[in-house]
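Every number for a ligand or one of its atoms is a count from 1 in the order of the listing.
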Amino acid sequence: LHHGGHLNLTLEAFWLGCPSSMVSSTQGSSGPSAKHTSVAFLKTHKTASSTVQNILFRFAERNNLTVALPITTCDHQFCYPRPFSAHFVHPHTTPPDIITNHLRFSRTELRRLMPNNTIYITILREPGAMFESLFTYFNQYCLSFKRVPNGSLETFLDHPWSYYRPEEKDSMYARNTLTFDLGGDKDRPSSEAPAYAKRFAAEMERVFSLVMIAEYFDESLVLLRRLLSWDLDDVLYVSLNMRTPDSKSSLSSENTAKIRAWNAIDSVVYDHFNASLWRQLRALGLACVEREVQLLRQSRDRLVRSCFGGHLPPLRSAAQITNKELRPWQPSAKVEIVGYDLPVNMTQKGHVPPRDECLKMIMPEVQYTRLLLRSESLRIRKRFPLRSSQQTLRTVGQVRAHKESPAPSLNPRPSETMARLRLSQ
Ligand SMILES: Nc1ncnc2c1ncn2[C@@H]1O[C@H](COP(=O)(O)OS(=O)(=O)O)[C@@H](OP(=O)(O)O)[C@H]1O
C-alpha cells in the first residue's frame with residue numbers, strides 16, 4: 001500500500017500541477033524529509049478529537065514512539081479540568097514524543113515536558129454543532145444541563161443564566177468549552193469578551209502550527225500530513241465516538257445564533273481559525289487539496305476492505321457491542337454512542353483474525369490508552385529488568401538517550417490483541 005500509494009500520488013501530483021510535497025511530502029526535490037515525530041495534540045471536547053487521537057496513537061506505535069499517558073489517578077485524561085501539569089504524566093511514558101489525551105492547555109507545563117521541536121496542533125468545531133453535542137453528551141453529568149426541565153436545549157438557550165453556575169463542577173462543558181480547553185477564561189464578562197477573544201485567538205495562533213476544523217476534517221488532514229511530512233497512509237482513519245442519529249437534534253438558525261451568542265469567545269476563535277484554515281488550503285491550491293482528499297478516501301476504503309474483508313464492521317450502540325475492548329464510553333443511558341462491533345466469528349479460533357493495526361483503528365480511546373500504558377510500561381521494565389519500581393521511576397527521565405538505539409518493538413503482537421478481544425467477549 002505504501003509504495004503503490006506513493007506512485008499514484010506522485011502521478012496525480014504531476015497531472016494536477018500540485019506541489020509534489022503536497023501529495024507526497026517525503027519526496028521533495030531536495031530528497032525525502034524525515035517524518036516529524038514530536039507532536040502535542042490538544043484534544044478538545046466533542047470536536048472529532050478522538051478520531052485524531054487514534055491516528056496519533058497508531059502512528060506512535062508503528063514508529064516505536066513514546067506517548068505521554070496520564071497517571072492512573074487522573075483516569076484516561078490528564079486530571080482534566082485541572083490545568084495540565086507534568087506531574088500528571090505517568091513516569092513510564094516519559095520522555096514523550098507525542099501527547100494527545102484530554103488536558104486543559106498549559107503552554108509552560110507542556111514546554112517542560114515535550115521536546116523543544118514539538119509541533120502543537122488542535123481541532124475546533126462549529127460552535128452550534130459542538131454545543132448541541134456537548135449538551136446531549138453531558139446532559140446527566142453537567143449540572144448546568146441536568147437542571148434544565150425535560151433536558152431541553154431550547155429551554156436552556158432561552159435563559160442560560162437560570163441554569164448555568166460558572167463556579168460549579170463541570171461548568172466548563174456548558175459555556176465556551178473550546179476556550180476553556182485552550183486554557184482561556186470561559187467567563188470573561190460580555191463587555192470584554194470580543195476584545196479578549198481576538199487577543200486569545202492571536203495568542204493561540206502563535207502556539208499552534210495547525211488548528212484543524214472538524215467540518216473540514218479531511219482537508220485538515222491534508223494540512224496535517226504536510227506539516228508533519230507524513231505519508232498519506234499515516235493519516236488513514238475511521239470516525240470514532242459518534243452518536244446515533246436518534247441522539248442528535250437538528251438546530252434552527254435561531255438556536256444556532258443563541259448558541260453563538262452564549263459561547264461568544266468560542267465563536268470568535270472558531271471563525272478566526274476557520275478563516276485561517278481556508279487561507280492555508282487556498283495557498284496550496286483547492287484543486288490539489290480536493291484531489292488529495294479523494295486519494296485519502298480511496299486509500300481508506302482500500303484499507304477497510306483489506307482489514308475487514310469488505311465493509312467496516314457494523315456500527316452499534318455501546319450497549320449492544322459484545323466485545324468490551326471495542327465498546328465506547330457512554331456518559332449516561334440517555335445518549336447513545338456508537339462503536340464498531342466485530343462479528344463474533346471474526347474473533348473466534350479458526351478464522352483469520354483482523355490485523356492488529358485494523359483492530360486499533362476501531363478501538364475507543366479509553367481501551368487504547370490502557371493498552372498503550374501496558375505496552376509502554378512493559379518496555380520500561382524490559383529496559384530496566386533489575387531495578388526496583390522506585391528506581392525505574394527515577395531512571396525514566398534518562399530514557400530518551402536509549403530511544404535512539406534500535407529497540408525491539410514491544411507493542412502487543414496481533415495475536416495478543418486478538419486474545420484479549422476474545423477474553424473480553
Ligand atoms: N472524522 C470526523 N469528522 C467529523 N466529525 C467527526 C469525525 N469523527 C468523529 N466525529 C464527531 O466528533 C464528535 C466526537 O468528538 P470527540 O471525539 O472529540 O469527543 S470527546 O470529547 O472525546 O468525547 C462526535 O460528534 P456528535 O456525533 O455530534 O456527538 C462525532 O460524530
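- Tested against L342, the residues N323, L359, T322 include a single side chain to side chain contact (heavy atoms under 4.5 Å, CB included) partner, L359.
- With no hydrogens or angles considered, no side-chain donor-acceptor pair links S38 and D97 at under 3.5 Å.
- Proximity of E215 to ligand 1, defined as any heavy-atom pair under 4.0 Å, is not found for any part of the residue.
- Inspection of the Y368 and E61 side chains reveals an N or O donor paired with an N or O acceptor under 3.5 Å.
- Atom 26 (P) of ligand 1 has as its closest protein heavy atom R243 NE, 3.4 Å.
- For atom 4 (C) of ligand 1, the closest heavy atom belonging to the protein is A214 O, 3.7 Å.
- Shortest contact from atom 2 (C) of ligand 1 to any protein heavy atom: S239 OG, 3.6 Å.
- If you number the atoms of ligand 1 from 1 as listed, the ones under 4.0 Å from a heavy atom of H102 come out as 20 (S), 21 (O), 22 (O).
- In this structure, R125 counts as a contact residue of ligand 1, since one of its heavy atoms falls inside 4.0 Å of the ligand.
- Relative ring orientation between Y141 and W329 is described as perpendicular, the plane-to-plane angle rising above 60° on a 0-90° scale split at 30° and 60°.
- Distances between N or O atoms of A48 and those of ligand 1 include at least one value under 3.5 Å.
- For the 3.5 Å distance criterion, the side chains of K46 and T177 fail to qualify, holding no donor opposite an acceptor.
- Heavy-atom contacts of S133 reach the following atoms of ligand 1: 26 (P), 28 (O), 29 (O) (cutoff under 4.0 Å).
- Salt-bridge formation is not detected for the pair K258/E154: no Lys NZ or Arg NE/NH1/NH2 atom is positioned less than 4.0 Å from an Asp or Glu carboxylate oxygen.
- Using cut-offs of 30° and 60° for the angle between ring planes, the F88 and F84 rings count as perpendicular.
- Annotation: T47 places an N or O atom under 3.5 Å from an N or O atom of ligand 1; distance criterion only.
- The nearest heavy-atom contact from the protein to atom 18 (O) of ligand 1 is S49 OG, 2.6 Å.
- The protein non-hydrogen atom at the shortest distance from atom 19 (O) of ligand 1 is N241 ND2, 3.2 Å.
- Residue contacts with ligand 1 leave out Q53, since none of its heavy atoms falls under 4.0 Å from the ligand.
- For the residue pair R379 / T66, a side-chain donor-acceptor distance below 3.5 Å is found, with atom types taken as modelled.
- Close contacts between ligand 1 and H45 involve ligand atoms 21 (O) [criterion: under 4.0 Å to a heavy atom].
- Under the 6.0 Å distance and 45° angle rule, R125 does not count as a cation-pi partner of Y270.
- The distance from ligand 1 to the heavy atoms of S50 drops below 4.0 Å at these ligand atoms: 16 (P), 17 (O), 18 (O), 22 (O).
- Judged by the shortest distance from any of its heavy atoms, Y237 lies inside the 4.0 Å radius around the atoms of ligand 1.
- Set against the non-hydrogen atoms of L240, the atoms of ligand 1 under 4.0 Å away are 8 (N), 9 (C).
- Judged purely by distance below 3.5 Å, without hydrogens or angles, the side chains of Y173 and N139 never pair a donor atom with an acceptor atom.
- Regarding atom 21 (O) of ligand 1, its nearest protein heavy-atom neighbour is K46 N, 2.9 Å.
- By the 30° and 60° cut-offs, the orientation of the rings of W262 relative to F156 is perpendicular.
- The proximity of K248 to ligand 1, defined as any non-hydrogen pair under 4.0 Å, is limited to the side chain.
- Looking at D181 and T44, their side chains never bring a donor and an acceptor atom within 3.5 Å of each other.
- Per-residue contacts place T44 under 4.0 angstrom from the following atoms of ligand 1 (heavy atoms of the residue considered): 18 (O).
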